[in-house]
Amino acid sequence: MGENITLGRALNIGLRRAMEDDPKVLLMGEDIGKLGGVFRVTDGLQKDFGEDRVIDTPLAESGIIGTAVGLAIRGYRPVCEIQFDGFVFPAYDQIVTQVAKMHQRTRGKVKMPIVIRIPYGGGIGAVEHHSESPEAYFAHTPGLKVVSPSNPQDAFWMIQQAIACDDPIVFFEPKRRYHDKAEVDTSAPLSAAPQHLFSATVAHSGTDATLLCYGPMVKTCVTAAAAAKEEGRSLEVVDLRTLSPLDMAPIIASTRKTGRVIVVHEAQGSLGMGAELAARITEECFYDLEAPVLRVTGFDTPYPPSRFEEDYLPDLDRVLDGVDRAFGF
Amino acid sequence: MSLHYVTPEPVPDMVQLLTPEGQRVDNPEFEWTFTDDEIRGLYRDLAIVRRIDVEAMALQRQGELGIWASCLGQEAAQIGSGRALSPNDMAFPTYRETGVAWCRGIDPLDLTAAWRGLNYGGWDPIEKKFNLYTIVIGSQTLHAVGYAMGVQKDHADDAVIAYFGDGASSQGDVNEAFIFAASYDAPVVFFCQNNQYAISEPFSRQSRVPLYHRAEGFGFRGIRVDGNDVLACLAVTRYALEECRTGNGPVLVEAYTYRMSAHTSNDDPTRYRLAAEVEEWTLRDPIERVKAYLVRNGHVTQSFFDEIDAEGNEIATRLRAGTLAMEPPALEEMFDWAYAEQTDLLTKQRKDFVDYKASFVSEEA
């Protein structure tokens, strides 16, 4: 029994459930109260839980994360909203030097169950600093865990799992998928979550090549797999779901099955998630590979003005071109 | 380049209860409520903390600590504010708060362990109500405000104190902390030890106005106190904490003091300040004025000072022996605390590295 809801709505219901389950859960961020957030993900929550638990903050990202650290030390579980990907950097210092390090620094005496929600990625025709994919910065930081749902079902479960987790989690929400709909059983308890938060999943089965992707690119890759099927190629799509830690077992299994891997992400290619995945796969599956691990990504430029973004973002054609290259070896 | 000179002249609106000569001053707002016992206790705190500081600096010079951040000259600001705290009040230090740590019952060996490079502070910050040291400048002021927001949500009457220096007042985080604290009326005391230097940069490089004036711009009260006067620091901090408890917080306290030593043991202050300045501030020593008061008012005999000296020496001896006897932590600890829920990757890295190290041992055997 499910209801057909958008990814944004799934997050909203997931946040509501987390707040009902644990009175220590707080939401904080700019414009998340009356307005319900610029993407309306927190819509109606302040009305029902009050200003004490859904906290409209001053316009100061470092302040949001820094005060969340203090609230966590006091025993709360803050869920912080950063309004847009490109605005996280004023808070970057608090995230990487404080949030990420507190558990290690105190040898586990202080936990940092903080979730940092960041709408990320392009494709919505936004202005500068509103379409970026900064996940590699955070995935590169020990002490943080980084996840990204790609569909309403995962959004609903993963946000609740992230809030329940005692580690700090950077939660990247694919903003151009906020309006995608799917059936979600929103009545089931958290204990019924279909899979572990830090696990990858096969989004589309195939035998000839593997597309590794996450967040907004999963839909693109599944579409590409459908198109490839018409041309007689069977592509497997693995949705990483968790970027740090990486769930290597399904990645290795798929690599062994297909022998060809193409990593697809929106972020620039150099020194990013694709580089890490290529290295890990090469280390662990060298003799299973029929071709080098290839990358189809954004370019090594700042995110371009939105009139260019259709060319910047990997699309079905560029993904299939990547597959062709993998078969050229 | 000329060397700097910071005048020790007291500014007119600085709260002072005891002159550098040890004479009592009456203040219309901050009453003299101290018993002789209390003043003797404060003297003991000041003298022992200085003894700990001197011993730790010696340990550093002998290569036993990687680095040490001395609180020499700032003992009154730290003991005065630290002794104003109630047991449940939470303190967020920076990295020079030996005196506050003493007031919170932190074993000095926990401080030297961190500076020796064994850990990042061995105490339990929740149990001791004293957060671990924070090295990134000013970060902890936001943590203090967040903790204070939690106190409000718990409807508790605990107060929170955030320590920082004059250099930190330039940081964005400190200014954001002021804004958050004011916006939510958070029960937090911002306790700035203005020791006149951010490593080599004088306070004039941080601000065109006295620091305590800034509070007004954020919408709460700022008070400047003679940071070398332990009684004034105690009275003003007590007042500020009480403001928090009664819902009138936050308060900014600027303790006007002087860093008599180097920024840390790696610093060379002769490159940026004049010896005459240090000499002049020496006359305002926070311990000497309490001693002068006690002697002048006949409340103590020489044996009182001798006993405290002996106690300080005992603590220093224990600190030295304990520091020298410290064993390095188990190798695996590096991997064990990165996360609350361990990852497969770290489990593997840990095992691989332990095996790798063990391979050397077996070769030797």
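Within every chain, numbering begins at 1; the chains are lettered A, B, ... in the order of the sequence lines, protein sequences first and strands thereafter. Values below: every heavy atom of this structure, side chains too, minus hydrogens, waters and symmetry copies.
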Is the number of heavy atoms from other residues, nucleotides or ligands within 6.0 Å of OH (A/Y92) greater than 12?
yes
Ignoring hydrogens and angles, tell me if any N or O in the side chain of B/K153 forms a donor-acceptor pair with the backbone of A/D52 under 3.5 Å.
yes
Check B/W123 against A/K109 and note the closest heavy-atom contact, atom names and distance.
O-CD, 4.2 Å
Part of A/A68 within contact of chain B (heavy atom distance under 4.5 Å):
neither
Is the side chain of A/H103 donor-acceptor paired with the backbone N or O of B/W337 at a distance under 3.5 Å, no angle test?
yes
Comparing A/A100, A/S62, A/G75 against chain B, the one with the most heavy-atom pairs below 4.5 Å turns out to be A/S62
With a 4.0 Å cut-off, would you call B/D124 and A/R107 a salt bridge?
no
Looking only at heavy atoms and a cut-off of under 4.5 Å, which of B/D154, B/T141, B/D173 has the most pairs with chain A?
B/D154
Do you know the tightest heavy-atom contact between B/E341 and A/C165?
OE1-SG, 4.4 Å
Do the side chain of A/D166 and the main chain of B/A340 share a donor and acceptor less than 3.5 angstrom apart?
no
By a 4.5 Å heavy-atom criterion (distance strictly below it), what part of A/P58 contacts chain B: side chain, backbone, both, or neither?
both
Below 4.5 Å, heavy-atom pairs only: which of A/M248, A/K145, A/K111 has the largest tally toward chain B?
A/K145
Okay, B/A182 and chain A: the region with an atom under 4.5 Å from a heavy atom over there is neither
In terms of heavy-atom contacts, does CD of A/E51 have more than 12 from other residues, nucleotides or ligands at under 6.0 Å?
no
Around A/Q195, counting heavy atoms of other residues, nucleotides and ligands shown, do more than 12 lie under 6.0 Å from its CD?
yes
Tell me whether A/L271 at atom CG has more than 12 heavy atoms from other residues, nucleotides or ligands lying less than 6.0 Å away.
no
Can you name the nearest heavy-atom pair linking B/I126 to A/I73, along with the distance?
CD1-O, 3.5 Å
Which region of A/T141, side chain (C-beta onward) or backbone (N, CA, C, O), has a non-hydrogen atom less than 4.5 Å from a non-hydrogen atom of chain B, or is it both or neither?
backbone
Tell me, for A/T97 versus chain B, whether the close heavy atoms (under 4.5 Å) come from the side chain, the backbone, both or neither.
side chain
Measure across A/I64 and B/F180 and return the closest heavy-atom pair with its distance rounded to 0.1 Å.
N-CZ, 3.5 Å
I'd like to verify something: which residue of B/V160, B/V151, B/L345, B/T343 has the highest number of heavy-atom pairs under 4.5 Å with chain A?
B/V151
Heavy-atom neighbours of B/H213 NE2 exceed 12 at 6.0 Å:
yes
Could you check whether any side-chain N or O of B/Y147 sits under 3.5 Å from a backbone N or O of A/L71, counting only pairs where one atom can act as donor and the other as acceptor?
no
Using non-hydrogen atoms only, which part of A/M102 is less than 4.5 Å away from chain B: side chain, backbone, both, or neither?
side chain
Pick from A/Q98, A/Q104, A/R74 with the largest number of heavy-atom pairs that fall under 4.5 Å of chain B
A/R74
Side chain from CB out, backbone as N, CA, C, O: work out which of these in B/A144 comes under 4.5 Å of a heavy atom of chain A, or both, or neither.
neither
Atom group of A/D93 that falls short of 4.5 Å from chain B, counting heavy atoms
side chain
Counting only heavy atoms closer than 4.5 Å, note whether A/K101 contacts chain B via side chain, backbone, both or neither.
neither
Check this for me: B/Y120, atom OH, are more than 12 non-hydrogen atoms of other residues, nucleotides or ligands nearer than 6.0 Å?
no
Region of B/Y184 that comes under 4.5 Å of a non-hydrogen atom in chain A
side chain
When only pairs under 4.5 Å are counted, which of B/P125, B/S183, B/S139, B/G122 shares the most heavy-atom pairs with chain A?
B/S139
Comparing B/V145, B/L132, B/T134 against chain A, the one with the most heavy-atom pairs below 4.5 Å turns out to be B/L132
Considering only heavy atoms and a distance below 4.5 Å, find which of B/D158, B/L346, B/D336, B/N175 pairs most often with chain A.
B/D158
What one should report as the nearest heavy-atom pair of B/Y339 and A/S244 is OH-OG, 4.4 Å
Using a cut-off of under 4.5 Å on heavy-atom pairs, state which of B/N119, B/D344, B/I179 scores highest against chain A.
B/N119
Can you tell me if B/R205 has over 12 outside heavy atoms packed within less than 6.0 Å of its CZ?
no
Pick whichever of A/V69, A/I65, A/D167 has the most heavy-atom pairs under 4.5 Å with chain B.
A/D167
